[in-house]
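Any value given below was found using the heavy atoms of this structure, including those in side chains, with hydrogens, waters and symmetry copies removed. Along the sequence shown, residues carry numbers from 1. One-based numbering, in listed order, for ligands and for the atoms of each. Predicted, not measured: the structure shown is a model, and the values here were computed from it.
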Amino acid sequence: MTAFSVIPLLLFASFAFATLAVLWRLFSWTERQANSPPRASHVLPWFGNIYAMLSDPVGWPAKMHGRLGDAFTATALGHNVTYLRGQPYITAFAKGSTRDLDNVKGYKRVVEPVAGQELFVSNLGEVQEALDVRRLDKMQPALFHFIRTSIHQSLRDHVPPTGWSNVITLQSFIKPSIFRMVCFCLLPSEAAVKDGDFLSEKMLAMDLGENLGNLVIPWKTAKVRMRDKSRNDILACVAHHALGRIIQLLAEDVDEPPDDFVGHAIYTTWTRDQLRSASQTDLEGFAHKVAQRIYILFFAGFLPTTSRAVWTFQDLLTHNPAFLERIRSDNDCLVEDARIFGPDAAPRIEEHDFLYACITESARMHPVGAWLRWADKPFPLPGNGTNPPMLIPRGFVAVTTEAIGFNPTVYLGPNNYNPERYFSAPFVSKDEEPSAKRPIRLDHVRAPPMSMENTFQPSFGVGAHQCPGRLFAYRMIATFVSALLESFDMELVETDANRDGKHVAMCVPLFGSRELTSDITVRLRRRDVPF
Ligand code: HEM
């Protein structure tokens, strides 16, 4: 074909495309109901606003709220996506989330391509139950020792016996350390010791990183095949340990759910009789099911926790140095208190109040960005002072957490990193109950919210589907910080990327989450503890 015949063809194709786009716009305009939210404009039919949503998942909705108000609907790959902003709408969203707004249907459409369908075999209730405060308290000392040993092993060759180390990138060992802790708490502890590094490597290999395009390409790319393989390796490894635990449970005569996560999952899913009468193939099938549930918790728990841990360090190192000093001195006091019970006793991390406040503040400023629900039929949104009632069209309904975390009527000076805010009004202390007059409050505690009924903390979701792993996440971050600061002094090595808080952040489209991409560079010096 010559260049002369290609040009008219291209012209014709562009004309046909433009005509289709105009017709589509006209068609969708006539479909819009009078009381539905305004629509974000777009040029490409069906694709709609997907590019803006993926490339700027936090900034774009904020900009559109500025133009279109507290509720607007966007189009993405043929679906409606309605964004809500402002406390009354978000309260309606939270209340509706248990009835007309379904979260599994929402996440299923978006998360399945990344996490696989295992997500929907998970029993979300068991996280809440099996990782409650009592169980977390019980596993705390062992978790502390486990991670302290792991930190010492990772850093032994990098930090000299005396003096400061060369520059170390903090992320390079925060990520595997948090994942080792996830393994330690969700798998039998010997499995975490033996296979924690293997699993960590496989999980890290699954990171999509820059290759987000793989999510929308309908065929299997090399990256997708590699992720499938990593997932299968993880499932096989976890299933192997789950089978071992099933066999152990069969040999023991237990009357109560065991304290370990795998034991609890097995005990609460199958009766002893079912286990006893099962064939070897059945038992392997059971073990595989447990592995699928754990795999999705690796996925749901590991990524947000590592990035919140990274932000916690970044904020502590780049803002007011007095905050890091206070955490260090609180840590020394907790370690000293623990030593009364023995030379190797673990500190009571759960009493690290100021550290918890710092984690909460970092999670506020760098939240998992959006809560997502699915409305199978149009969802009635009650009106409020300035906004009329609306009928939200069928499709996704989303709230970006920036809209809450940076609300200046709740967070005075919202752009300032200030963990002390949780020690003063309007935040009530840990021991006080939230007021009955205001059943939903923002961050009523410094620590992660204990009651899902009465809290409204932007970083962990809202309503019935608020994050069940939040207590566990705080424990892991606080345990890691405490074990690291017990053993090392730390100072920031400033670079152009991290000086004055000017660090590079990337938005992960799926959750609108802000991830830190620039390195946190530090020097470490051993403190007076045995290595
Ligand atoms: C700092 C770390 C974490 C953050 C910021 C975080 C945040 C969130 C958010 C925002 C949601 C959605 C809530 C909603 O849609 O209303 C969620 C759900 C969930 N999270 Fe987390 N999460 C963290 C750690 C964990 C951990 C450690 C686990 C478990 C090992 C976990 C398990 C889950 C599960 C199972 C859900 C789905 C709950 C449901 O749909 O009912 N998360 N999380």
For a side chain to side chain contact (heavy atoms under 4.5 Å, CB included) with L199, tell me which candidate from L204, L187, D233 qualifies. L187

Distance under 4.0 Å to a non-hydrogen atom of F472: what atoms of ligand 1 satisfy this? 27 (C), 30 (C)

So which bit of R470 gets within less than 4.0 Å of ligand 1, heavy atoms only: side chain, backbone, both or neither? neither

Within a 6.0 Å radius of atom CZ on R348, are there more than 12 heavy atoms belonging to other residues, nucleotides or ligands? no

Per atom 11 (C) of ligand 1, closest listed option by heavy atom (S362, C467, C185): C467

Evaluating non-hydrogen atoms only, which member of G469, A473, P468 is closest to atom 19 (C) of ligand 1? P468

Close N or O approach (T305, ligand 1; < 3.5 Å): no

May I ask you to list the atoms of ligand 1 that are less than 4.0 angstrom from any heavy atom of R308? 1 (C)

F261 meets the ring-ring contact (aromatic ring centres under 6.0 Å, His included) criterion, sequence neighbours left out, with none

Is it true that the NZ or CZ of R470 lies under 6.0 Å from the centre of F460's six-membered ring and within 45 degrees of the ring axis? no

Using the salt bridge (Lys or Arg N to Asp or Glu O under 4.0 Å) definition, which of the options K202, R180, K175 pairs with D197? R180

